[in-house]
Amino acid sequence: MWLLAHLACTDEPAKDSALVCEPGADYDGTTAFVEASAAWGLEDLAATGVRIDAVDVDDDGWPDLFVRKGNGVSGGNTWVLRNTGEKSFTALEVPAGRDGLRDGATWVFADVDGDGDLDAYSGLVDQNGDYSETSEILLGNGDGTFTLTDDDNGVRTGAGDMPYGAAFTDFDRDGHVDLFVGQYDYQQSRLYKGNGTGDFDDVTNDVGLKTKRWTSENLNAGDAHPLAWSAAACDLNNDGYPELLASSYGRSPNHLWRNDAGTLVARGVDSNYAWDHRQDWTTNENARCWCKHNPTDTDCEGVPEPELLSCNSDSGLRWNHDTDRDLYRLGGNSGATVCRDVDNDGWADLLTTEIVHWDVGDTSDPSELLFNTQDPDVTFERPGNEVTGLVREHEITAWNDGDITASLFDFDNDGWTDVWIGSSDYEATRGLLWRQTAPRQFEAVPTDVGVDHERSHGSALADFDRDGDLDLVVGHSSARCDGQCYDSFHVRLWENQLGGGNDWVQLDLRTDVGSNSRAIGARVEVTADGLTQVQQVGGGHGQWGNQDDLVLHFGLGDACTADVEITWPDGAVTEHQVTGGQLVRLDQK
């Protein structure tokens with residue numbers, strides 16, 4: 001049974017002396033996760049989808065699941081699964097329709113009106129304006145149901161709306177939750193400013209977010225509209241203001257905007273987030289075939305012969321010699337970006353996921369970690385997977401990495417962040433788990449003791465059974481099955497087996513300052529045995545809006561107590577001492 005402590009931030013820091021310190025055992029490679037889908041009722045509930053949020057919609061202390069699979073408005077593609085607190089889920093009976101269980105593609109959660117209940121952004125792809133519904137802000141009623149806001153809400157975009165990712169944030173630190181939406185299909189990504197009542201106004205052009213039409217010049221400069229496949233918001237230079245990020249599909253540049261006290265400055269290319277440094281197009285098998293057949297074309301002299309691709313003609317090659325040598329075409333097909341201080345240096349790093357095909361050579365960016373250089377202007381270094389150990393073996397020659405979703409979390413409570421990447425939609429793809437064994441060094445966790453899940457797409461984290469370790473819910477894609485998919489596409493729960501002892505603490509932050517009662521954007525530092533970890537309270541990330549439990553989980557290693565420093569969204573700083581083995585609620589008054 002988990003313990004709950006409740007500390008007001010105006011109280012003197014204190015420990016709960018009644019708890020006996022029992023450190024957990026160091027991870028020794030034994031079974032870390034078991035699939036518990038049937039035991040928790042997920043097989044019978046048949047909630048199928050790759051868009052997953054693990055949020056406590058009824059605020060009873062147990063994280064629930066919000067699962068959906070479709071873009072449409074026909075109904076039957078969205079599930080709210082309530083955690084009973086007894087290792088099981090039940091489906092909530094929520095009315096369908098615009099103010100109920102609508103089938104928006106992108107969902108993220110925050111308290112936008114200050115009443116303490118979780119509200120939602122439900123983003124609906126409506127490219128042609130032919131749906132009767134639009135993207136909406138839905139105000140939570142505290143029981144898993146929602147009420148539609150007024151018709152003049154600024155997020156109700158309509159025709160041309162392509163919200164492939166969204167993140168709640170407080171970009172100007174005025175105490176009210178704002179909304180960043182990454183738009184696909186050559187659309188302008190949008191920033192909506194909240195006023196604390198649930199209403200939002202579009203401030204995209206007022207704050208420096210505006211991008212340009214697609215031309216080679218604009219794309220190479222990183223100024224063109226992103227083909228956004230996800231959105232994220234996190235403070236990357238420790239000034240308290242969240243940066244905005246939109247990862248892009250189609251080998252177009254990823255976008256990052258530095259936040260200068262509410263004014264956004266484009267830093268995608270200069271930060272090294274737009275694409276990686278691997279730009280030798282002559283490693284592309286398609287380019288080699290082209291130059292083999294067209295040896296007098298520009299720059300074709302000296303290009304090596306293809307090694308694996310059979311190219312009897314130019315037909316069918318994935319190569320345009322006029323444009324594919326441009327800088328922007330040497331980037332990646334980015335699925336998602338996740339923010340977290342991975343190496344415990346106090347600065348948030350990034351994990352990007354990428355779709356990579358076997359024949360494109362070194363120029364297509366792989367999924368990898370980007371480490372923060374601690375530059376106030378925001379820059380990253382990419383040491384590469386060969387250096388960090390995030391490597392994988394491919395079972396087939398014509399392989400494809402379908403990496404779209406990912407999670408960063410400490411699964412073994414040793415105080416160091418581990419990596420989960422969901423690879424999907426292609427033959428022989430699966431979810432991949434790596435454990436951080438030393439700063440910036442990772443080892444693959446074998447599937448027989450880790451997470452054995454094929455074609456993994458969509459993930460969300462929470463300690464669903466509140467036993468002191470993080471569990472993982474994973475979706476299963478139905479794309480390109482060819483008889484190789486599971487019989488059922490229900491989401492699967494992988495229950496962590498490593499809980500026990502007091503080598504962890506969970507922090508539930510609440511504030512009465514402004515309308516952001518769930519403290520989206522707060523920075524939390526936890527120090528135990530000389531090791532300091534940093535996390536930020538997130539408002540959604542990834543493709544279609546994945547979201548982890550708003551309760552932050554910290555592994556404490558061999559320690560059973562920790563010092564906590566919270567920088568609240570308004571800049572106020574409070575300090576606390578906590579004992580492990582507890583979920584602690586901290587209130588800013």
Side-chain donor-acceptor pair under 3.5 Å between Thr373 and Thr379, yes or no?
yes
In sequence, state the C-alpha distance, the side-chain angles, and the governing distance for Ser423 and Asp403, and then conclude on side-chain hydrogen bond (donor to acceptor under 3.5 Å, both in side chains).
CA-CA 4 Å; Ser423 191; Asp403 302 358; 2.8 Å; yes
With the threshold set at 4.0 Å, does a side-chain nitrogen-carboxylate oxygen contact exist between Glu495 and Lys87?
yes
Would you mind checking if Arg466 and Asp549 are paired as a salt bridge, meaning a charged N to carboxylate O distance below 4.0 Å?
yes
List for me each residue that meets side-chain hydrogen bond (donor to acceptor under 3.5 Å, both in side chains) alongside Arg480, sequence neighbours excluded, and say none if there are none.
none
Contact between Gln436 and Leu408 at the side-chain level, heavy atoms closer than 4.5 Å - yes or no?
no
For Arg329, check side-chain hydrogen bond (donor to acceptor under 3.5 Å, both in side chains) against everything at least two apart and list the hits.
Asp324
Are Phe489 and Val50 side-chain neighbours, meaning at least one heavy-atom pair lies under 4.5 Å?
no
Mind checking whether Phe411 and Phe33 have parallel, tilted or perpendicular rings, split at 30° and 60°?
tilted
With side chain to side chain contact (heavy atoms under 4.5 Å, CB included) as the test, pick out the partner of His553 among Asn413, Asp548, Leu461.
Asn413
For the residue pair Trp229 and Tyr249, does the interplanar ring angle fall in the parallel (under 30°), tilted (30 to 60°) or perpendicular (over 60°) class?
parallel
Among residues two or more places apart or on two chains, list those pairs meeting ring pair (Phe, Tyr, Trp, His ring centres under 6.0 Å) that have a residue in residues 378-398.
His394-Trp399
So which heavy atom on Phe180 is nearest to which on Arg190, and how close?
CD1-O, 3.3 Å
Test: Arg440 and Asp349 ion pair at under 4.0 Å:
no
Mind checking whether Thr337 and Leu370 have side chains closer than 4.5 Å, heavy atoms only?
no
May I ask you to check whether over 12 heavy atoms, not counting those of Gln497, lie within 6.0 Å of atom CD?
yes
